[in-house]
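Have a look at the structure below before the remarks.
When a ligand or atom number is given, it counts from 1 through the structure's own listing order.
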Amino acid sequence: MIILKTKEQIGKMRAAGRLLAACHQEIARRLRPGLTTWEIDQFVETYLTAHGATPEQKGYHGYPYATCASVNDVICHGFPRKEALKEGDIVTIDMVVNLDGWLADSAWSYGVGAISDEASRLLLTTKEALYRGIAKAVACNRIGDVAHEIETYAESLGYSVVRDFIGHGIGTSMHEAPEVPHYGPPGRGPKLRPGMVFTIEPMLNVGSFRTKVDADGWTARTVDGSLSAQFEHTLAITDEGTVILTEL
Ligand code: MF3
Ligand code: CO
């Protein structure tokens, strides 16, 4: 069942989303070779707490950290680590902010120092895939229209779209209906209508879309070791149009 949100509830999620966006901006400012994802995680937890919010991912199904930090061939759900990021790495930082009981979810991929053309093209394409998907996320379209747009754009440039992890509805809990895949035929799935709030979070790989999970039970990687990137926003469908909740 899709839980529709009131204007007031969307306003609360917007506040959580603004804080999340500001936190991402701070991460971007700090990121450099030598920094560790463990330090980023510490920063995020301190930042959110100082602003009256909490990191919803910490403790979620036993997940131990405030953020997911996914480096290079890691697709998502990577653990923050005390290992220095190196020039040329790409890293996705994903977090869910809880502000007064209402949530927002956004992931961003960053290049560390100077990165390869392959990596920078992947980042650009993945971000563009997200925004093309968002452009299709309008009332009366269906989830499948968003999914199809993302898949056709990504594949037209030679990238694969991860199938094992998808977007989701969100509200007072992290994962609600509907499911939001980033691939598949248009015209399918739930019809978008005012009050729906959900994430779009495409993960694009340079090689195959196939995934494997490390022995830690969380870290998901590309099977072929190719680079993977992700950009994610939380969106609300409203009477006045679609609002990106996780922008400043
Ligand atoms: N933020 C993730 C998402 O985009 C979920 C993270 S899984 C967790 O859906 F366990 F780390 F919380
Ligand atoms: Co997320």
message: Name the residue from Thr126, Asp224, Val162 that meets the side chain to side chain contact (heavy atoms under 4.5 Å, CB included) definition with Asn205.
response: Val162
- prompt: Do any N/O atoms on Asp105 end up under 3.5 angstrom from N/O atoms on ligand 1?
  reply: yes
- prompt: Can Ser120 and Asp117 be counted as having a side-chain donor-acceptor contact under 3.5 angstrom?
  reply: no
task: Give yes or no for whether the N/O distance cutoff of 3.5 Å, strictly under, is met between Tyr60 and ligand 1.
output: no
Contact with ligand 1 for Val96, non-hydrogen, under 4.0 angstrom: yes
Ala107 contact mode with ligand 1 (heavy-atom cut-off under 4.0 Å): neither
- prompt: Quick one: does Tyr65 get within less than 4.0 Å of ligand 1, heavy atoms only?
  reply: no
Ligand-side contact atoms (ligand 1) for residue partner Cys68, heavy atom cut-off under 4.0 Å: 11 (F)
- prompt: What part of His61, side chain from CB on, backbone N/CA/C/O, both or neither, has a heavy atom under 4.0 Å from ligand 1?
  reply: neither
task: Decide if the gap between the ring center of Tyr183 and the ring center of His148 is smaller than 6.0 angstrom.
output: no
message: Between Asn72 (side chain only) and Ile90 (backbone N and O only), is there a donor and an acceptor less than 3.5 Å apart?
response: yes
statement: A student checking ligand 1 against Trp218 at a 4.0 Å heavy-atom cut-off should list atoms 10 (F)
- line: Minimal heavy-atom distance between Met95 and Ile27, with the atoms involved, is CE-CD1, 3.7 Å
statement: Correct closest heavy-atom pair for Glu39 and Gly34 would be OE1-O, 4.3 Å
Nearest neighbour in protein (non-hydrogen) for atom 7 (S) of ligand 1: His77 NE2, 3.6 Å
- prompt: Are any of the side-chain heavy atoms of Val180 and Ile166 separated by less than 4.5 Å?
  reply: no
His168, any N or O under 3.5 Å of ligand 1 N or O: yes
task: Could you please give the number of protein N/O/S atoms within less than 2.8 Å of the Co ion (ligand 2)?
output: 4
query: Within the structure, does Tyr63 bring an N/O atom to less than 3.5 angstrom of an N/O atom in ligand 1?
result: no
query: Is it true that a side-chain atom of Lys86 and a backbone atom of Ala84 form a donor plus acceptor pair closer than 3.5 Å?
result: no
- request: Verify the distance criterion only: is there a donor paired with an acceptor across the side chains of Thr92 and Ser70 at less than 3.5 Å?
  value: no
- prompt: What about His175 and Phe198, are their ring centers closer than 6.0 Å?
  reply: no
- prompt: At their closest point, which heavy atom of Pro178 faces which heavy atom of Ile143, and how far apart are they?
  reply: CG-CD1, 4.2 Å
query: Does Met174 come within less than 4.0 angstrom of ligand 1, counting non-hydrogen atoms of the residue?
result: yes
query: For the residue pair Tyr131 and His233, is the inter-centroid distance of their aromatic rings smaller than 6.0 Å?
result: yes
query: Side chain of His182, backbone of Ile200: donor and acceptor closer than 3.5 Å?
result: no
message: Tell me the protein heavy atom at minimum distance from atom 2 (C) of ligand 1, and give that distance in Å.
response: Asp94 OD2, 3.1 Å
query: Relative to atom 1 (N) of ligand 1, which among His175, Gln230, Gln57 owns the nearest non-hydrogen atom?
result: Gln57
Heavy-atom gap Glu201 to ligand 1 smaller than 4.0 Å: yes
